[in-house]
Amino acid sequence: LTIATGALVSLTMYTRSKIQAERTEAVSGFLSNNVLPALSPLRPQGGEVTALSVLNAISASIEGRFHDAPLVEATIRHELGVDFMDHSEMVPAAQQLEIAVDIRRRMLGGDDPLTVASMSKLGNAYYSQGRHAEAQPLLLHVIAQQKQHPGVEKNSTLSAMRVLGWNYEAMEEYDQA
């Protein structure tokens with residue numbers, strides 16, 4: 001029994017390390033083949049290299065790159081969405097965050113902190129686009145989840161509550177705001 005348990009533990013550790021190595025290789029290849037070339041002044045798109053040109057190039061090249069590592073894809077898309085938001089580009093931000101939320105819901109569930117973080121950003125992006133009816137359920141879910149987990153950063157809870165209040169105001173639901 002001890003030998004069988006040891007063999008099972010070894011096999012599990014080997015499998016995990018192999019999966020991690022494959023993920024690392026996928027991210028490394030993506031960086032080498034897609035991200036870094038987007039920074040080159042000799043890139044096929046031509047023109048000036050800007051933060052937005054790099055974000056657009058990465059967005060265009062991510063599709064299908066991480067089919068074996070969906071959570072890696074979700075992380076990259078979440079960060080792309082946040083970066084697009086930082087540049088006030090809410091349409092591409094929402095597009096990236098929608099995919100991140102979808103992957104994380106499927107893989108981790110709707111209550112996982114990573115899923116909730118992507119939902120919070122997506123709710124913000126929807127609010128900023130005037131997509132208030134779509135923002136509301138996301139923000140309500142985010143706040144409910146964050147209140148259930150006392151370890152969650154209070155600033156993110158307050159931020160979601162603030163955006164929800166603005167969203168209610170935009171929808172003229174003053175009694176809710």
Side-chain angles (χ1 to χ4, degrees), residues 19 23-24 26-27 29-31 34-35 38-39 50-177:
I19 290 169
R23 287 179 180 165
T24 300
V27 170
F30 182 69
L31 289 172
N34 300 97
V35 176
L39 298 170
T50 65
L52 284 176
S53 71
V54 172
L55 290 174
N56 286 324
I58 294 168
S59 294
S61 64
I62 195 171
E63 191 66 39
R65 300 279 180 186
F66 297 100
H67 61 279
D68 291 334
L71 291 175
V72 172
E73 178 179 350
T75 298
I76 292 170
R77 288 190 184 273
H78 175 93
E79 293 305 324
L80 278 171
V82 170
D83 288 341
F84 274 120
M85 288 177 73
D86 289 346
H87 288 86
S88 300
E89 295 289 329
M90 296 305 167
V91 172
Q95 291 168 342
Q96 295 302 320
L97 290 164
E98 287 168 349
I99 297 169
V101 167
D102 179 57
I103 292 170
R104 287 178 166 174
R105 270 186 181 147
R106 260 186 302 113
M107 302 297 295
L108 303 171
D111 298 341
D112 183 85
L114 291 173
T115 307
V116 172
S118 291
M119 293 170 98
S120 179
K121 294 295 183 183
L122 181 56
N124 261 315
Y126 282 166
Y127 166 77
S128 295
Q129 292 179 67
R131 296 168 65 179
H132 306 296
E134 293 170 274
Q136 184 176 344
L138 287 170
L139 295 168
L140 286 169
H141 181 79
V142 166
I143 293 165
Q145 287 305 307
Q146 290 176 336
K147 284 183 176 180
Q148 287 181 11
H149 302 286
V152 173
E153 187 181 324
K154 288 186 190 308
N155 286 340
S156 62
T157 305
L158 293 173
S159 175
M161 293 172 81
R162 183 181 66 242
V163 175
L164 180 61
W166 294 338
N167 197 67
Y168 280 134
E169 182 179 25
M171 294 175 68
E172 298 181 5
E173 294 181 18
Y174 302 111
D175 59 322
Q176 296 291 322

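Residues: numbered from 1 along the sequence shown. Computed from a prediction, not measured in an experiment: that's the story for all the values here. For the numbers below, each heavy atom of this structure counts, side chains included, while hydrogens, waters and symmetry mates do not.
Partners of Met171 by side-chain contact (heavy atoms from CB on, under 4.5 Å), not counting sequence neighbours, listed by chain and number: His132, Gln136, Asn167, Glu173. Here Glu89 pairs with nothing under the salt bridge (Lys or Arg N to Asp or Glu O under 4.0 Å) rule; sequence neighbours left out. Among residues two or more places apart in sequence or in another chain, the salt bridge (Lys or Arg N to Asp or Glu O under 4.0 Å) test is passed with Arg105 by none.
One N or O on the side chain of Ser53 and one on the backbone of Thr50 form a donor-acceptor pair closer than 3.5 Å. At least one donor-acceptor pair under 3.5 Å links the side chain of Thr75 to the backbone N or O of Leu71. Between the Arg77 side chain and the Ala100 main chain, no donor and acceptor come within less than 3.5 Å of each other. For Thr115 (side chain) and Asp111 (main-chain N/O), no donor-acceptor pair under 3.5 Å exists by modelled atom type. Between the side chain of Asp112 and the main chain of Leu108, no donor-acceptor pair closer than 3.5 Å is present.
Counting heavy atoms from C-beta on, the side chains of Ile99 and Gln95 never come closer than 4.5 Å. No side-chain heavy atom of Gln96 sits less than 4.5 Å from a side-chain heavy atom of His78. Under the 4.5 Å side-chain criterion, counting only non-hydrogen atoms from C-beta, Leu140 is not in contact with Pro137. For the pair Phe84 and Leu52, the minimum side-chain heavy-atom distance is below 4.5 Å.
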Handout entry: Asp102 vs Glu98, side-chain contact (heavy atoms from CB on, under 4.5 Å): CA-CA, chis, key distance, verdict
Key = CA-CA 6 Å; Asp102 179 57; Glu98 287 168 349; over 6 Å; no
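Note that CG of Leu114 is 12.0 Å distant from CE of Met107, once rounded to the nearest 0.5 Å. The distance from the CD1 atom of Ile103 to the CZ atom of Phe66 is 10.5 Å, given to the nearest 0.5 Å. A distance of 11.0 Å separates CZ of Arg104 from CD of Glu73, quoted to the nearest 0.5 Å. Ile76 contributes atom CD1, which lies 12.0 Å from atom CG of Asp83 (distance to the nearest 0.5 angstrom). Annotation: the span from Arg65 atom CZ to Glu63 atom CD amounts to 10.5 Å, rounded to 0.5 Å. In this structure, the separation between CG on Asn124 and CD on Gln129 is 11.5 Å, given to the nearest 0.5 Å.
Contact between Val142 and Ser120 at its shortest, heavy atoms only, is CG2-N, 3.5 Å. Taking both residues in full, the closest heavy atoms of Gly110 and Val116 are given as O-CG2, 3.7 Å, listed atom of the first, atom of the second, then distance. What you find for Tyr126 and Ala94 is that their closest heavy atoms are CE2-CB, 4.1 Å. Considering all non-hydrogen atoms of both residues, Ser59 and Leu80 come closest at OG-CD1, 3.9 Å.
For Glu79 and Lys121, the salt-bridge test fails: no basic side-chain N is under 4.0 Å from an acidic carboxylate O.
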